[in-house]
There are 2 protein chains.
Amino acid sequence: MLDKTDGVALYIQIRDTLREQIMTGVLKPGEKLPSEDDLAARFGVSRMTVRRGISDLVDMGMLYRRRGVGTIVSQFHLERDHNRLTDFFETARAEGFEPEVRLLGKEVVPAKLAIAEALGLQESEPLIRIQTLRLANGVPITLYEEYVPYKLCPMLLTEDMRNRAAWQVLEEQGFAIKFAVQRLEARLADARTAALLNIEEDAPILFKNRIIYIEDGTPVELIHCHNHGNLYSSKMTLVR
Amino acid sequence: MLDKTDGVALYIQIRDTLREQIMTGVLKPGEKLPSEDDLAARFGVSRMTVRRGISDLVDMGMLYRRRGVGTIVSQFHLERDHNRLTDFFETARAEGFEPEVRLLGKEVVPAKLAIAEALGLQESEPLIRIQTLRLANGVPITLYEEYVPYKLCPMLLTEDMRNRAAWQVLEEQGFAIKFAVQRLEARLADARTAALLNIEEDAPILFKNRIIYIEDGTPVELIHCHNHGNLYSSKMTLVR
DNA sequence: GAGTGGTCTAGACCACCCG
DNA sequence: GGGTGGTCTAGACCACTCG
(Lines give C-alpha, C1' and ligand atoms only; values in the text may rest on other atoms or scores of the structure.)
Protein backbone atom coordinates (compact mmCIF):
# COMPACT_ATOMS: atom_id res chain seq x y z
CA MET A 1 0.00 0.00 0.00
CA LEU A 2 2.63 2.56 1.05
CA ASP A 3 6.02 3.06 -0.51
CA LYS A 4 8.59 3.73 2.18
CA THR A 5 11.38 4.28 -0.30
CA ASP A 6 10.11 6.94 -2.72
CA GLY A 7 10.77 9.95 -0.52
CA VAL A 8 7.13 10.89 -0.05
CA ALA A 9 6.25 11.13 3.64
CA LEU A 10 4.11 8.28 4.86
CA TYR A 11 1.48 10.60 6.32
CA ILE A 12 1.14 12.26 2.93
CA GLN A 13 0.65 8.91 1.23
CA ILE A 14 -1.95 8.02 3.87
CA ARG A 15 -3.70 11.37 3.48
CA ASP A 16 -3.83 11.03 -0.29
CA THR A 17 -5.04 7.45 -0.09
CA LEU A 18 -7.89 8.43 2.20
CA ARG A 19 -8.75 11.51 0.15
CA GLU A 20 -8.85 9.37 -2.98
CA GLN A 21 -11.24 6.96 -1.27
CA ILE A 22 -13.51 9.84 -0.25
CA MET A 23 -13.42 11.43 -3.70
CA THR A 24 -14.23 8.18 -5.46
CA GLY A 25 -16.98 7.26 -3.02
CA VAL A 26 -15.28 4.23 -1.51
CA LEU A 27 -15.77 6.14 1.73
CA LYS A 28 -19.19 7.80 1.67
CA PRO A 29 -20.36 10.93 3.48
CA GLY A 30 -21.50 10.12 6.99
CA GLU A 31 -19.51 6.89 6.99
CA LYS A 32 -17.01 6.09 9.71
CA LEU A 33 -13.37 5.41 8.91
CA PRO A 34 -11.69 2.40 10.46
CA SER A 35 -10.28 3.34 13.85
CA GLU A 36 -6.85 4.91 14.05
CA ASP A 37 -5.41 1.74 15.57
CA ASP A 38 -6.92 -0.25 12.75
CA LEU A 39 -5.57 2.06 10.06
CA ALA A 40 -2.14 2.05 11.68
CA ALA A 41 -2.10 -1.74 11.48
CA ARG A 42 -3.32 -1.77 7.89
CA PHE A 43 -0.81 0.79 6.70
CA GLY A 44 1.95 -0.73 8.80
CA VAL A 45 2.79 2.55 10.56
CA SER A 46 2.38 3.97 14.03
CA ARG A 47 -0.83 5.58 15.12
CA MET A 48 0.77 9.04 15.30
CA THR A 49 1.55 8.85 11.62
CA VAL A 50 -2.03 7.93 10.76
CA ARG A 51 -3.26 10.81 12.91
CA ARG A 52 -1.02 13.26 11.09
CA GLY A 53 -2.50 12.23 7.75
CA ILE A 54 -6.06 12.36 9.05
CA SER A 55 -5.45 15.79 10.61
CA ASP A 56 -4.74 17.29 7.21
CA LEU A 57 -8.10 16.04 5.92
CA VAL A 58 -9.86 17.33 9.04
CA ASP A 59 -8.28 20.74 8.43
CA MET A 60 -9.54 20.59 4.85
CA GLY A 61 -13.04 19.81 6.10
CA MET A 62 -13.33 16.39 4.48
CA LEU A 63 -13.41 14.55 7.80
CA TYR A 64 -14.38 15.34 11.35
CA ARG A 65 -13.52 13.54 14.56
CA ARG A 66 -15.75 12.65 17.48
CA ARG A 67 -14.06 11.45 20.58
CA GLY A 68 -15.43 8.13 21.70
CA VAL A 69 -17.13 7.61 18.35
CA GLY A 70 -14.74 7.73 15.44
CA THR A 71 -13.63 9.72 12.41
CA ILE A 72 -16.44 10.48 9.98
CA VAL A 73 -16.60 11.63 6.35
CA SER A 74 -18.21 15.07 6.10
CA GLN A 75 -21.44 15.44 4.15
CA PHE A 76 -20.11 18.58 2.60
CA HIS A 77 -16.54 18.90 1.44
CA LEU A 78 -15.31 22.40 2.11
CA GLU A 79 -13.95 24.14 -0.92
CA ARG A 80 -10.95 25.51 0.87
CA ASP A 81 -9.54 26.47 -2.51
CA HIS A 82 -11.74 29.52 -2.38
CA ASN A 83 -9.67 30.74 0.53
CA ARG A 84 -6.47 30.20 -1.39
CA LEU A 85 -4.43 32.00 -3.97
CA THR A 86 -5.26 30.10 -7.09
CA ASP A 87 -4.55 30.23 -10.78
CA PHE A 88 -7.21 32.15 -12.73
CA PHE A 89 -7.02 29.83 -15.72
CA GLU A 90 -7.29 26.64 -13.71
CA THR A 91 -10.18 27.85 -11.60
CA ALA A 92 -12.07 29.29 -14.57
CA ARG A 93 -11.78 26.04 -16.47
CA ALA A 94 -12.71 24.06 -13.35
CA GLU A 95 -15.88 26.13 -13.17
CA GLY A 96 -16.64 25.54 -16.82
CA PHE A 97 -15.52 28.83 -18.39
CA GLU A 98 -12.93 29.34 -21.08
CA PRO A 99 -10.60 32.06 -19.75
CA GLU A 100 -8.90 34.71 -21.84
CA VAL A 101 -6.61 37.61 -20.93
CA ARG A 102 -6.07 40.68 -23.10
CA LEU A 103 -3.11 42.92 -22.35
CA LEU A 104 -4.19 46.56 -22.12
CA GLY A 105 -0.84 48.03 -21.16
CA LYS A 106 2.43 47.51 -19.34
CA GLU A 107 4.55 50.44 -18.20
CA VAL A 108 6.86 51.73 -15.48
CA VAL A 109 5.12 54.39 -13.40
CA PRO A 110 6.05 56.31 -10.22
CA ALA A 111 4.29 55.02 -7.10
CA LYS A 112 1.42 57.12 -5.81
CA LEU A 113 1.37 57.53 -2.05
CA ALA A 114 -1.34 54.98 -1.29
CA ILE A 115 0.30 52.32 -3.40
CA ALA A 116 3.77 53.09 -2.05
CA GLU A 117 2.50 52.68 1.50
CA ALA A 118 0.77 49.42 0.70
CA LEU A 119 3.99 48.03 -0.77
CA GLY A 120 6.33 49.51 1.80
CA LEU A 121 8.06 51.83 -0.72
CA GLN A 122 8.88 55.52 -0.90
CA GLU A 123 6.53 57.68 -2.92
CA SER A 124 7.53 57.94 -6.60
CA GLU A 125 9.64 54.78 -6.58
CA PRO A 126 9.27 53.04 -9.93
CA LEU A 127 6.54 50.42 -10.26
CA ILE A 128 5.69 48.07 -13.07
CA ARG A 129 2.00 48.46 -13.83
CA ILE A 130 0.31 45.73 -15.83
CA GLN A 131 -3.27 46.21 -16.94
CA THR A 132 -5.26 43.37 -18.43
CA LEU A 133 -8.83 42.55 -19.25
CA ARG A 134 -9.99 39.11 -18.14
CA LEU A 135 -12.79 37.42 -20.02
CA ALA A 136 -14.78 34.21 -19.59
CA ASN A 137 -16.23 32.66 -22.71
CA GLY A 138 -15.40 35.88 -24.51
CA VAL A 139 -17.35 38.10 -22.07
CA PRO A 140 -15.35 40.79 -20.22
CA ILE A 141 -15.48 40.07 -16.48
CA THR A 142 -12.62 41.90 -14.80
CA LEU A 143 -10.37 44.90 -15.33
CA TYR A 144 -7.18 43.72 -13.64
CA GLU A 145 -4.43 46.13 -12.56
CA GLU A 146 -1.19 44.86 -11.03
CA TYR A 147 1.62 46.86 -9.41
CA VAL A 148 5.03 45.35 -8.65
CA PRO A 149 8.12 47.28 -7.46
CA TYR A 150 10.40 47.62 -10.48
CA LYS A 151 13.52 46.71 -8.50
CA LEU A 152 11.96 43.44 -7.44
CA CYS A 153 11.64 41.89 -10.87
CA PRO A 154 12.50 44.03 -13.91
CA MET A 155 12.09 41.07 -16.20
CA LEU A 156 8.32 41.31 -15.74
CA LEU A 157 8.49 43.97 -18.47
CA THR A 158 9.41 41.38 -21.05
CA GLU A 159 7.20 38.56 -19.81
CA ASP A 160 4.04 37.52 -21.60
CA MET A 161 1.27 38.25 -19.07
CA ARG A 162 -1.55 36.62 -20.99
CA ASN A 163 -1.46 33.31 -19.16
CA ARG A 164 -0.53 34.15 -15.59
CA ALA A 165 -0.54 36.85 -12.94
CA ALA A 166 2.59 38.73 -11.90
CA TRP A 167 2.76 36.88 -8.59
CA GLN A 168 2.99 33.64 -10.52
CA VAL A 169 5.98 35.00 -12.42
CA LEU A 170 7.53 36.02 -9.10
CA GLU A 171 6.92 32.53 -7.81
CA GLU A 172 8.73 31.09 -10.84
CA GLN A 173 11.62 33.43 -10.05
CA GLY A 174 11.99 31.87 -6.63
CA PHE A 175 9.96 34.22 -4.42
CA ALA A 176 8.19 32.24 -1.71
CA ILE A 177 4.68 33.60 -2.26
CA LYS A 178 2.92 32.88 0.99
CA PHE A 179 -0.37 34.69 1.40
CA ALA A 180 -2.52 37.63 0.36
CA VAL A 181 -4.80 40.03 2.15
CA GLN A 182 -7.71 41.38 0.18
CA ARG A 183 -10.55 43.77 0.72
CA LEU A 184 -13.81 43.66 -1.21
CA GLU A 185 -16.00 46.68 -1.77
CA ALA A 186 -19.09 47.55 -3.79
CA ARG A 187 -18.55 50.50 -6.12
CA LEU A 188 -20.10 52.10 -9.16
CA ALA A 189 -18.43 51.79 -12.56
CA ASP A 190 -16.50 54.82 -13.82
CA ALA A 191 -16.52 55.63 -17.52
CA ARG A 192 -13.37 53.73 -18.46
CA THR A 193 -14.27 50.59 -16.50
CA ALA A 194 -17.80 50.68 -17.88
CA ALA A 195 -16.51 50.89 -21.45
CA LEU A 196 -14.07 48.01 -20.97
CA LEU A 197 -16.59 45.76 -19.25
CA ASN A 198 -19.32 46.73 -21.69
CA ILE A 199 -21.68 47.94 -19.00
CA GLU A 200 -23.31 51.26 -18.14
CA GLU A 201 -21.57 53.90 -16.11
CA ASP A 202 -22.68 53.63 -12.45
CA ALA A 203 -23.44 49.94 -12.82
CA PRO A 204 -22.33 47.93 -9.77
CA ILE A 205 -18.69 46.84 -9.56
CA LEU A 206 -17.21 44.39 -7.06
CA PHE A 207 -13.87 46.04 -6.37
CA LYS A 208 -11.07 43.93 -4.93
CA ASN A 209 -7.86 45.33 -3.43
CA ARG A 210 -5.32 42.58 -2.90
CA ILE A 211 -1.79 42.69 -1.49
CA ILE A 212 0.46 39.68 -1.95
CA TYR A 213 3.19 38.78 0.55
CA ILE A 214 6.14 36.45 0.69
CA GLU A 215 7.06 34.25 3.57
CA ASP A 216 8.75 36.82 5.78
CA GLY A 217 5.90 39.30 5.43
CA THR A 218 7.31 41.53 2.68
CA PRO A 219 4.62 42.79 0.27
CA VAL A 220 5.54 42.15 -3.35
CA GLU A 221 2.45 43.04 -5.35
CA LEU A 222 -0.71 45.11 -5.21
CA ILE A 223 -3.71 44.20 -7.35
CA HIS A 224 -6.84 46.17 -8.13
CA CYS A 225 -9.67 44.11 -9.61
CA HIS A 226 -12.76 45.79 -11.03
CA ASN A 227 -15.22 42.93 -11.36
CA HIS A 228 -18.46 42.99 -13.35
CA GLY A 229 -21.13 43.31 -10.67
CA ASN A 230 -23.76 41.15 -12.33
CA LEU A 231 -21.48 38.41 -13.64
CA TYR A 232 -18.98 38.04 -10.84
CA SER A 233 -19.32 37.02 -7.21
CA SER A 234 -16.74 36.01 -4.68
CA LYS A 235 -17.29 32.79 -2.77
CA MET A 236 -15.48 31.76 0.36
CA THR A 237 -15.65 29.48 3.37
CA LEU A 238 -15.58 30.61 6.97
CA VAL A 239 -14.68 28.25 9.78
CA ARG A 240 -16.13 28.51 13.28
CA MET B 1 5.80 27.41 33.65
CA LEU B 2 3.27 24.77 32.63
CA ASP B 3 0.55 23.37 34.82
CA LYS B 4 0.22 19.65 34.22
CA THR B 5 -2.72 19.32 36.56
CA ASP B 6 -5.29 21.85 35.41
CA GLY B 7 -6.67 19.84 32.53
CA VAL B 8 -5.46 22.18 29.80
CA ALA B 9 -3.38 20.31 27.23
CA LEU B 10 0.32 21.06 27.45
CA TYR B 11 0.58 21.96 23.76
CA ILE B 12 -2.19 24.51 24.25
CA GLN B 13 -0.36 26.06 27.20
CA ILE B 14 2.81 26.16 25.10
CA ARG B 15 0.96 27.68 22.14
CA ASP B 16 -0.62 30.34 24.31
CA THR B 17 2.66 31.13 26.05
CA LEU B 18 4.42 31.65 22.73
CA ARG B 19 1.53 33.64 21.28
CA GLU B 20 1.57 35.86 24.34
CA GLN B 21 5.29 36.48 23.87
CA ILE B 22 4.75 37.41 20.23
CA MET B 23 1.83 39.67 21.02
CA THR B 24 3.68 41.49 23.77
CA GLY B 25 6.86 41.86 21.74
CA VAL B 26 9.05 39.60 23.84
CA LEU B 27 9.51 37.75 20.57
CA LYS B 28 9.84 40.27 17.76
CA PRO B 29 9.00 39.87 14.07
CA GLY B 30 11.89 38.30 12.19
CA GLU B 31 13.33 36.89 15.39
CA LYS B 32 14.10 33.19 15.75
CA LEU B 33 12.51 31.08 18.45
CA PRO B 34 14.72 28.82 20.53
CA SER B 35 15.08 25.46 18.81
CA GLU B 36 12.45 22.82 19.37
CA ASP B 37 14.87 20.76 21.46
CA ASP B 38 15.61 23.80 23.55
CA LEU B 39 11.92 24.63 24.06
CA ALA B 40 11.18 21.02 24.94
CA ALA B 41 13.84 21.17 27.66
CA ARG B 42 12.61 24.53 28.97
CA PHE B 43 8.98 23.47 29.11
CA GLY B 44 9.87 20.04 30.42
CA VAL B 45 7.97 18.19 27.70
CA SER B 46 8.87 16.11 24.69
CA ARG B 47 9.74 17.70 21.36
CA MET B 48 6.56 16.38 19.73
CA THR B 49 4.47 18.31 22.21
CA VAL B 50 6.37 21.51 21.49
CA ARG B 51 5.90 20.93 17.76
CA ARG B 52 2.17 20.52 18.18
CA GLY B 53 1.94 23.89 19.90
CA ILE B 54 4.13 25.60 17.33
CA SER B 55 2.14 24.07 14.48
CA ASP B 56 -0.99 25.85 15.61
CA LEU B 57 0.82 29.19 15.45
CA VAL B 58 2.26 28.33 12.04
CA ASP B 59 -1.26 27.58 10.82
CA MET B 60 -2.35 30.94 12.20
CA GLY B 61 0.47 32.64 10.29
CA MET B 62 2.28 34.00 13.34
CA LEU B 63 5.32 31.79 12.80
CA TYR B 64 6.98 30.08 9.88
CA ARG B 65 9.49 27.28 9.83
CA ARG B 66 12.64 26.93 7.77
CA ARG B 67 14.28 23.57 7.79
CA GLY B 68 17.90 23.85 8.79
CA VAL B 69 17.38 27.37 10.08
CA GLY B 70 14.73 27.60 12.72
CA THR B 71 11.25 28.85 13.54
CA ILE B 72 10.77 32.55 12.90
CA VAL B 73 8.19 35.14 13.95
CA SER B 74 6.30 36.49 10.92
CA GLN B 75 6.57 40.17 10.11
CA PHE B 76 2.89 40.23 9.46
CA HIS B 77 0.47 38.40 11.69
CA LEU B 78 -2.30 36.98 9.58
CA GLU B 79 -5.70 37.96 10.79
CA ARG B 80 -7.16 34.56 10.31
CA ASP B 81 -10.18 35.74 12.26
CA HIS B 82 -11.39 37.33 9.09
CA ASN B 83 -11.77 33.87 7.64
CA ARG B 84 -13.74 32.75 10.63
CA LEU B 85 -17.28 33.00 11.87
CA THR B 86 -17.02 35.66 14.51
CA ASP B 87 -19.23 37.60 16.83
CA PHE B 88 -20.38 40.93 15.36
CA PHE B 89 -20.17 42.72 18.68
CA GLU B 90 -16.72 41.51 19.57
CA THR B 91 -15.25 42.28 16.17
CA ALA B 92 -16.89 45.68 15.97
CA ARG B 93 -15.52 46.66 19.37
CA ALA B 94 -12.12 45.23 18.48
CA GLU B 95 -12.10 47.52 15.46
CA GLY B 96 -13.09 50.49 17.55
CA PHE B 97 -16.80 50.80 16.77
CA GLU B 98 -19.68 50.68 19.17
CA PRO B 99 -22.13 48.14 17.73
CA GLU B 100 -25.90 48.33 17.96
CA VAL B 101 -28.66 46.10 16.61
CA ARG B 102 -32.26 47.20 16.05
CA LEU B 103 -34.92 44.56 15.56
CA LEU B 104 -37.01 45.29 12.46
CA GLY B 105 -39.17 42.21 12.56
CA LYS B 106 -39.44 38.53 13.46
CA GLU B 107 -42.02 36.27 11.90
CA VAL B 108 -42.73 32.77 10.59
CA VAL B 109 -42.89 32.74 6.79
CA PRO B 110 -43.20 29.96 4.18
CA ALA B 111 -39.91 29.16 2.43
CA LYS B 112 -39.53 30.46 -1.08
CA LEU B 113 -37.97 28.00 -3.51
CA ALA B 114 -34.45 29.45 -3.54
CA ILE B 115 -34.26 29.58 0.24
CA ALA B 116 -35.79 26.12 0.64
CA GLU B 117 -33.18 24.68 -1.70
CA ALA B 118 -30.33 26.42 0.09
CA LEU B 119 -31.49 24.99 3.42
CA GLY B 120 -32.42 21.55 2.12
CA LEU B 121 -36.14 22.02 2.80
CA GLN B 122 -39.37 21.60 0.85
CA GLU B 123 -40.88 24.76 -0.61
CA SER B 124 -43.31 26.48 1.78
CA GLU B 125 -41.94 24.81 4.89
CA PRO B 126 -42.12 27.29 7.77
CA LEU B 127 -39.08 29.49 8.39
CA ILE B 128 -38.31 31.93 11.13
CA ARG B 129 -37.25 35.21 9.52
CA ILE B 130 -35.42 37.73 11.64
CA GLN B 131 -34.67 41.16 10.22
CA THR B 132 -32.38 43.55 12.00
CA LEU B 133 -30.49 46.73 11.29
CA ARG B 134 -26.88 46.77 12.40
CA LEU B 135 -25.24 50.07 13.26
CA ALA B 136 -21.74 51.17 14.17
CA ASN B 137 -21.42 54.30 16.29
CA GLY B 138 -25.07 54.96 15.52
CA VAL B 139 -24.65 54.84 11.73
CA PRO B 140 -26.67 52.19 9.85
CA ILE B 141 -24.26 49.77 8.16
CA THR B 142 -26.12 46.57 7.38
CA LEU B 143 -29.63 45.33 6.76
CA TYR B 144 -29.40 41.79 8.14
CA GLU B 145 -31.94 39.09 7.25
CA GLU B 146 -31.74 35.63 8.80
CA TYR B 147 -33.74 32.50 7.91
CA VAL B 148 -33.83 29.42 10.15
CA PRO B 149 -36.10 26.37 9.68
CA TYR B 150 -38.88 26.71 12.26
CA LYS B 151 -38.69 23.04 13.25
CA LEU B 152 -35.00 23.42 14.12
CA CYS B 153 -35.38 25.92 16.91
CA PRO B 154 -38.86 27.35 17.60
CA MET B 155 -37.55 29.11 20.69
CA LEU B 156 -35.80 31.63 18.43
CA LEU B 157 -39.17 33.37 18.27
CA THR B 158 -38.93 34.34 21.90
CA GLU B 159 -35.20 35.09 22.03
CA ASP B 160 -33.85 38.60 22.20
CA MET B 161 -31.89 39.00 18.97
CA ARG B 162 -30.29 42.34 19.76
CA ASN B 163 -27.00 40.96 21.00
CA ARG B 164 -26.31 37.90 18.86
CA ALA B 165 -27.04 36.22 15.56
CA ALA B 166 -29.37 33.25 15.22
CA TRP B 167 -26.46 30.87 14.69
CA GLN B 168 -25.10 31.90 18.06
CA VAL B 169 -28.41 30.98 19.67
CA LEU B 170 -28.27 27.64 17.87
CA GLU B 171 -24.77 27.15 19.20
CA GLU B 172 -25.99 27.79 22.73
CA GLN B 173 -28.68 25.18 22.14
CA GLY B 174 -26.01 22.58 21.42
CA PHE B 175 -25.79 22.68 17.63
CA ALA B 176 -22.16 22.14 16.57
CA ILE B 177 -21.83 25.14 14.25
CA LYS B 178 -18.88 24.26 12.06
CA PHE B 179 -18.52 26.48 9.01
CA ALA B 180 -20.24 28.82 6.58
CA VAL B 181 -20.09 29.37 2.86
CA GLN B 182 -20.71 32.88 1.66
CA ARG B 183 -20.92 34.70 -1.63
CA LEU B 184 -20.27 38.42 -2.04
CA GLU B 185 -21.78 40.50 -4.82
CA ALA B 186 -21.99 44.16 -5.75
CA ARG B 187 -25.56 45.40 -6.14
CA LEU B 188 -27.53 48.62 -6.24
CA ALA B 189 -29.71 49.63 -3.31
CA ASP B 190 -33.45 49.10 -3.69
CA ALA B 191 -35.85 51.63 -2.17
CA ARG B 192 -36.34 49.86 1.16
CA THR B 193 -32.66 49.15 1.73
CA ALA B 194 -31.76 52.70 0.75
CA ALA B 195 -34.24 54.11 3.24
CA LEU B 196 -33.00 51.91 6.07
CA LEU B 197 -29.32 52.58 5.38
CA ASN B 198 -29.97 56.26 4.83
CA ILE B 199 -28.47 56.26 1.33
CA GLU B 200 -29.78 56.98 -2.16
CA GLU B 201 -31.56 54.41 -4.24
CA ASP B 202 -29.08 52.76 -6.67
CA ALA B 203 -26.16 53.49 -4.36
CA PRO B 204 -23.69 50.57 -4.21
CA ILE B 205 -24.44 47.69 -1.82
CA LEU B 206 -22.09 44.87 -0.89
CA PHE B 207 -24.51 41.96 -0.76
CA LYS B 208 -23.55 38.86 1.20
CA ASN B 209 -25.33 35.52 0.98
CA ARG B 210 -24.21 33.20 3.74
CA ILE B 211 -25.23 29.64 4.60
CA ILE B 212 -24.25 28.21 7.96
CA TYR B 213 -23.63 24.50 8.50
CA ILE B 214 -23.21 22.18 11.43
CA GLU B 215 -20.57 19.51 11.77
CA ASP B 216 -22.18 16.82 9.64
CA GLY B 217 -22.87 19.21 6.76
CA THR B 218 -26.52 20.06 7.48
CA PRO B 219 -27.38 23.70 6.67
CA VAL B 220 -29.11 25.43 9.57
CA GLU B 221 -29.32 29.08 8.60
CA LEU B 222 -29.34 31.38 5.60
CA ILE B 223 -28.32 35.01 5.94
CA HIS B 224 -28.72 37.92 3.56
CA CYS B 225 -26.59 40.96 4.39
CA HIS B 226 -27.12 44.24 2.59
CA ASN B 227 -24.01 46.24 3.49
CA HIS B 228 -23.53 49.96 3.00
CA GLY B 229 -21.24 50.19 -0.03
CA ASN B 230 -19.24 53.20 1.08
CA LEU B 231 -18.88 52.30 4.76
CA TYR B 232 -18.37 48.57 4.63
CA SER B 233 -15.71 46.38 3.09
CA SER B 234 -14.92 42.74 3.60
CA LYS B 235 -11.35 41.80 4.41
CA MET B 236 -9.91 38.32 4.18
CA THR B 237 -6.68 36.39 3.96
CA LEU B 238 -5.81 33.96 1.20
CA VAL B 239 -3.10 31.35 1.63
CA ARG B 240 -0.95 30.09 -1.21
C1' DG C 1 -16.86 -2.35 29.73
C1' DA C 2 -15.17 -1.99 25.16
C1' DG C 3 -13.83 0.97 21.75
C1' DT C 4 -12.76 5.49 20.18
C1' DG C 5 -10.10 9.71 19.63
C1' DG C 6 -6.88 13.19 22.60
C1' DT C 7 -2.59 13.70 24.49
C1' DC C 8 2.14 12.69 25.56
C1' DT C 9 6.80 10.39 25.90
C1' DA C 10 11.72 9.45 24.78
C1' DG C 11 13.85 8.26 21.79
C1' DA C 12 15.51 7.80 16.46
C1' DC C 13 17.17 8.97 11.68
C1' DC C 14 16.90 12.13 8.00
C1' DA C 15 17.33 16.44 4.87
C1' DC C 16 18.59 20.82 4.91
C1' DC C 17 21.21 25.24 5.86
C1' DC C 18 25.13 27.76 7.14
C1' DG C 19 29.63 29.07 8.57
C1' DG D 1 30.24 19.53 10.98
C1' DG D 2 26.86 21.14 13.96
C1' DG D 3 22.40 22.64 14.50
C1' DT D 4 17.84 22.95 12.70
C1' DG D 5 13.24 21.32 11.46
C1' DG D 6 10.69 16.88 9.17
C1' DT D 7 9.31 12.48 9.98
C1' DC D 8 8.43 8.31 12.47
C1' DT D 9 8.15 4.69 16.21
C1' DA D 10 5.99 1.87 19.92
C1' DG D 11 4.38 2.34 23.38
C1' DA D 12 1.26 4.80 27.38
C1' DC D 13 -2.75 6.82 29.93
C1' DC D 14 -6.81 9.53 29.61
C1' DA D 15 -11.76 11.25 28.51
C1' DC D 16 -15.46 10.34 26.10
C1' DT D 17 -19.46 7.67 23.88
C1' DC D 18 -22.42 4.01 23.53
C1' DG D 19 -24.75 -0.24 24.13
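In this text, all values refer to a predicted model and were calculated from it rather than measured experimentally. Residue numbers start from 1 in every chain, and the chains themselves are labelled A, B, ... in the order their sequence lines are given, proteins ahead of strands.
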Q: Mind calculating the distance between CD (A:E36) and C1' (C:dG3) to the nearest angstrom?
A: 12 Å
Q: Picking from B:L10, B:I14, B:V8, what satisfies side chain to side chain contact (heavy atoms under 4.5 Å, CB included) with B:I12?
A: B:V8
Q: Calculate the interatomic distance between B:I72 atom CD1 and C:dC17 atom P; express it in whole Å.
A: 12 Å
Q: Nearest-Å distance, CZ (B:R67) to C1' (C:dA15)?
A: 5 Å
Q: Do B:R65 and B:S55 get their side chains close enough for a donor-acceptor pair, meaning under 3.5 Å?
A: yes
Q: For chain B and DNA chain D, what are the first and last nucleotides along the strand, 5' to 3', with at least one atom under 4.0 angstrom from a heavy atom of the protein chain?
A: D:dG3 to D:dC8
Q: Is the closest side-chain heavy-atom distance between B:F89 and B:V101 below 4.5 Å?
A: yes
Q: Starting at the 5' end of DNA chain C, which residue's closest nucleotide do you reach first, B:G68 or B:T49?
A: B:T49
Q: Go through the steps to decide whether B:L184 and A:M236 satisfy the test side chain to side chain contact (heavy atoms under 4.5 Å, CB included), and finish with yes or no.
A: CA-CA 9 Å; B:L184 289 165; A:M236 71 208 67; 3.5 Å; yes
Q: Do the side chains of A:R164 and A:E171 get close enough for a salt bridge, i.e. N-O under 4.0 angstrom?
A: no
Q: Is there a side-chain contact between B:I22 and B:R19 (heavy atoms, below 4.5 Å)?
A: no
Q: For A:E107, look at atom CD and say whether over 12 heavy atoms of other residues, nucleotides or ligands are found less than 6.0 Å away.
A: yes
Q: Please work out if A:R47 contacts a base, only the sugar-phosphate, or nothing of the nucleic acid, heavy-atom cut-off 4.0 Å.
A: base
Q: Using a heavy-atom cut-off of 4.0 Å across all strands, would you classify A:R51 as base, sugar-phosphate, or nothing?
A: base
Q: What side-chain donor-acceptor pairs closer than 3.5 Å can you find for residues 145-156 of chain B, not counting sequence neighbours?
A:
{"unit_1": "B:E145", "atom_1": "OE1", "unit_2": "B:H226", "atom_2": "NE2", "d": "3.4"}
{"unit_1": "B:E146", "atom_1": "OE1", "unit_2": "B:A166", "atom_2": "N", "d": "2.8"}
{"unit_1": "B:K151", "atom_1": "NZ", "unit_2": "B:E125", "atom_2": "OE1", "d": "3.3"}

Q: Note down the inter-axis angle between the two ends of the helix from C:dG1-D:dC18 to C:dC18-D:dG1, five pairs each, to the nearest 10°.
A: 10°
